[in-house]
Colleague: 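I'd like to ask you about the structure that follows.
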Amino acid sequence: MAVVEIKTVAPPTGLAEFWFYFSRNKGAVIGFAIFLIILLLAIFATFVAPHSPSIQNREVLLLPPAWVEGGRLAYFLGTDAVGRDILSRLIYGARFSLFIGVVVVSISVVSGVLVGLIAGYFRGRTDTIIMRVMDIILAFPSLLLALVLVAVLGPGLVNAMIAISLVNLPHFVRLTRAAVMTERTKDYVIASKVAGAGTLRLMFLTILPNCLAPLIVQATLAFSSAILDAAALGFLGMGAQPPTPEWGTMLAEAREFIQRAWWVVTFPGLAILITVLAINLMGDGLRDALDPKLKRS
């Protein structure tokens, strides 16, 4: 009698498990690839960009893209109203946009998680005061609140990042608070408390690691939101100031040339669209990979 051996394949664990569920979302993989390309362009902008983003060439004002009649291959995406290479400015602009996203998300996550932990763990009057303040912030349209804050602090990239961080703060506070309230009554937390764990240990080492999955997804979405808000503030003249090659500022400088030089508006707009779309697709993939309910489906 022949003996048939049945081999069992162990389910993937750790990073392999994450990639298994993440890669099932093809849109997320495409978004990750696009984001990786943009990130590499931003890091190596000095070597990739064909021209300096600030050098003006008065001989090629509003030069069309290379494939349009009158264009030059040396200025593949054309030039702006003062003769600066649009492709180079877009590549350097990726640095500013990604830098804004990283700084805004870092400030929002650190402060939001800390405040949310305090509100969710201690509850009572502390929780009530914190959440009422967050509700007041959420009552204002995000862009309007950011505009007011920048108007108070003064126009500039640093002040714009501070304003956008404050606008994103309530989302992390509410998400952290909800997760902490769910975890703090579970058996492993009660067991740690009975074993003599202190308050800080319970908050940061016992509860917080089990609340990270939704926070990572929210951070990804906040990243794209920060890029959009920064571009909007730059477009309105309240964010990065000319001649900084930031995408929103590039759009603001090109407003008067929309009808006779479409490329000066189209390419910065496409850069914002593609970057934000790629990050949002990545966020969907992260949700699929980190949400245990979706893993079981």
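What's counted below: heavy atoms across the whole structure, side chains too, no hydrogens, waters or symmetry copies.
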Colleague: Can you find a pair of side-chain heavy atoms, one from Trp263 and one from Asp80, that are under 4.5 Å apart?
Modeller: no

Colleague: Run the side chain to side chain contact (heavy atoms under 4.5 Å, CB included) check on Arg255 and Val265 step by step: do they pass?
Modeller: CA-CA 7 Å; Arg255 279 179 294 187; Val265 177; over 6 Å; no

Colleague: Supply the atom-to-atom distance Leu40 CG to Ile91 CD1, rounded to the nearest 0.5 angstrom.
Modeller: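 If we round to the nearest 0.5 Å, Leu40:CG and Ile91:CD1 are 12.0 Å apart.
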
Colleague: Report yes if the side chains of Arg95 and Thr46 come closer than 4.5 Å at any heavy-atom pair, otherwise no.
Modeller: yes

Colleague: Can a donor-acceptor pair be found, under 3.5 Å and without considering hydrogens, that links the side chain of Ser97 to the backbone of Ala94?
Modeller: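 Not confirmed, Ser97 side chain does not pair with Ala94 backbone.
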
Colleague: Using 30° and 60° as the class limits, which term best fits the ring planes of Phe22 and Phe18: parallel, tilted or perpendicular?
Modeller: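 Correct class here is parallel.
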
Colleague: Please name the pair of heavy atoms, one in Ser111 and one in Ile107, separated by the smallest distance, quoted to 0.1 Å.
Modeller: OG-O, 2.6 Å

Colleague: Could you tell me whether the side chain of Thr185 reaches within less than 4.5 Å of the side chain of Ile190, counting heavy atoms only?
Modeller: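 The answer is no, as the side chains (C-beta and beyond) never meet within the 4.5 Å cut-off.
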
Colleague: Enter the distance from Phe122:CZ to Ile130:CD1 here, rounded to the nearest 0.5 Å.
Modeller: 9.5 Å

Colleague: Leu117 and Phe204: which non-hydrogen atoms are nearest, and at how many Å?
Modeller: CD1-CE2, 3.7 Å

Colleague: Any side-chain to backbone donor/acceptor pair from Thr275 onto Ala271? Under 3.5 Å, distance only.
Modeller: yes

Colleague: Can you pull the ring pair (Phe, Tyr, Trp, His ring centres under 6.0 Å) pairs that have at least one residue in residues 149-203, sequence neighbours excluded?
Modeller: none

Colleague: What's the separation between atom CG in Leu286 and atom CZ in Phe32, rounded to the nearest 0.5 Å?
Modeller: 9.5 Å

Colleague: Counting neighbours of CG on Leu73 that are heavy atoms of other residues, nucleotides or ligands and sit closer than 6.0 Å, is the number greater than 12?
Modeller: no

Colleague: Is any side-chain heavy atom of Gln241 less than 4.5 Å from a side-chain heavy atom of Thr249?
Modeller: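 No. Closest side-chain heavy atoms not under 4.5 Å.
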
Colleague: Side chain to side chain contact (heavy atoms under 4.5 Å, CB included) for Met131 and Val173? Distances and angles first, verdict last.
Modeller: CA-CA 8 Å; Met131 295 316 298; Val173 173; 4.1 Å; yes

Colleague: So, taking the atom named CG in Leu166 and the one named CG in Leu145, what distance separates them when rounded to the nearest 0.5 Å?
Modeller: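 So the CG of Leu166 and the CG of Leu145 are separated by 6.0 Å.
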
Colleague: Measuring from atom CD1 of Ile43 to atom CD1 of Ile38, what distance do you get when rounded to the nearest 0.5 angstrom?
Modeller: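 It is 12.0 Å, given to the nearest 0.5 Å.
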
Colleague: Would you please indicate if the ring centroids of Phe96 and Trp247 are separated by under 6.0 Å?
Modeller: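 No: the rings miss the under 6.0 Å criterion.
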
Colleague: For the pair His51 (side chain) and Ile86 (backbone), establish whether a donor and an acceptor sit closer than 3.5 Å, ignoring hydrogens and angles.
Modeller: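 It does not hold such a pair.
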
Colleague: Is there a path of hydrophobic side-chain contacts, each under 4.5 Å between heavy atoms of I, L, V, M, F, W or Y residues, that connects Leu169 with Leu212?
Modeller: yes

Colleague: Any salt bridge linking Arg24 with Asp288? Criterion: basic side-chain nitrogen under 4.0 Å from a carboxylate oxygen.
Modeller: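 No.
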
Colleague: So which atom in Gly70 and which in Pro64 form the shortest heavy-atom distance, rounded to 0.1 Å?
Modeller: C-CG, 3.9 Å

Colleague: Please say whether more than 12 non-hydrogen atoms of neighbouring residues, nucleotides or ligands are located less than 6.0 Å from CZ in Arg125.
Modeller: no

Colleague: Looking at Gly116, is its backbone amide N or carbonyl O close enough to the side chain of Thr176 to form a donor-acceptor pair, meaning the two atoms are under 3.5 Å apart?
Modeller: no

Colleague: Side-chain contact test, heavy atoms from C-beta onward, threshold under 4.5 Å: evaluate it for Leu277 versus Phe35 and give yes or no.
Modeller: no

Colleague: Can Arg89 and Glu253 be counted as an ion pair, charged N to O under 4.0 angstrom?
Modeller: yes

Colleague: Contact between Leu208 and Met203 at the side-chain level, heavy atoms closer than 4.5 Å - yes or no?
Modeller: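 When only atoms from C-beta onward are counted, Met203 and Leu208 do not touch, as no gap falls below 4.5 Å.
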
Colleague: Report yes or no: do Val113 and Val102 belong to one cluster of Ile/Leu/Val/Met/Phe/Trp/Tyr joined by side chain heavy-atom distances under 4.5 Å?
Modeller: yes

Colleague: Does CZ belonging to Phe76 count more than 12 external heavy atoms closer than 6.0 Å?
Modeller: no

Colleague: Quick one: hydrophobic cluster around Leu61, which other residues, with the 4.5 Å side-chain cut-off, linked directly or via members?
Modeller: none

Colleague: Decide yes or no for Leu87 and Tyr75: does some side-chain heavy atom of the first lie under 4.5 Å from some side-chain heavy atom of the second?
Modeller: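 Leu87 does not reach Tyr75 side chain to side chain.
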
Colleague: Honestly curious: do Leu63 and Val68 fall in one hydrophobic cluster under the side-chain, below-4.5 Å linking rule?
Modeller: no

Colleague: Within the side chain of Ser108, is there an N or O that forms a donor-acceptor pair under 3.5 Å with the backbone of Ser165?
Modeller: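 Here the side-chain-to-backbone pair exists.
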
Colleague: Distance-only, no hydrogens or angles: does the Thr79 side chain make a donor-acceptor pair with backbone N or O of Arg84 under 3.5 Å?
Modeller: no

Colleague: Check whether Val158 and Val148 end up in the same hydrophobic cluster, where Ile, Leu, Val, Met, Phe, Trp and Tyr are linked by side-chain heavy atoms less than 4.5 Å apart.
Modeller: no

Colleague: Is Thr206 close to Lys186 at the side-chain level, that is, under 4.5 Å between some pair of heavy atoms?
Modeller: no

Colleague: Which atom pair, heavy atoms only, marks the closest approach of Gly120 to Val180?
Modeller: C-CG1, 3.6 Å

Colleague: Quick one: OG on Ser225 to CD1 on Ile164, what's the gap to the nearest 0.5 Å?
Modeller: 8.0 Å

Colleague: For Phe99, is the CZ atom crowded, meaning more than 12 foreign heavy atoms sit under 6.0 Å from it?
Modeller: no

Colleague: So, Thr220 side chain and Ile216 main chain: donor-acceptor pair closer than 3.5 Å or not?
Modeller: yes

Colleague: Between Leu215 and Leu175, is the side chain to side chain contact (heavy atoms under 4.5 Å, CB included) condition met? List the steps.
Modeller: CA-CA 7 Å; Leu215 290 172; Leu175 192 61; 4.0 Å; yes

Colleague: If every non-hydrogen atom of Leu251 is compared with every non-hydrogen atom of Gly269, which pair is closest and at what distance?
Modeller: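 Closest approach of Leu251 to Gly269: CD2-N, 3.9 Å.
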
Colleague: Measure from the side-chain N and O atoms of Asn159 to the backbone N and O of Gly154, and report whether any donor-acceptor pair falls under 3.5 Å.
Modeller: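 Yes, the answer is positive, given that a donor and an acceptor are paired below the 3.5 Å cut-off.
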
Colleague: Would Met181 and Tyr121 count as a side chain to side chain contact (heavy atoms under 4.5 Å, CB included) if you check the C-alpha gap in whole Å, the side-chain angles of each, and the deciding distance to 0.1 Å?
Modeller: CA-CA 7 Å; Met181 288 172 58; Tyr121 187 84; over 6 Å; no

Colleague: Relative to each other, are the rings of Trp262 and Phe267 parallel, tilted or perpendicular (30° and 60° limits)?
Modeller: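 Judged by the thresholds at 30° and 60°, the geometry between Trp262 and Phe267 is tilted.
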
Colleague: When hydrophobic residues are tied together by side-chain contacts of less than 4.5 Å, even through go-betweens, does Val152 share a cluster with Val167?
Modeller: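 Per the 4.5 Å side-chain linkage, Val152 and Val167 are not co-clustered.
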
Colleague: Any salt bridge between Asp135 and Arg174, counting N to O under 4.0 Å?
Modeller: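 The answer is yes: the pair qualifies as a salt bridge.
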
Colleague: What are the two closest heavy atoms between Ile272 and Ala231, and how far apart are they?
Modeller: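 Distance-wise, the nearest heavy atoms are CD1-CB, 3.7 Å.
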
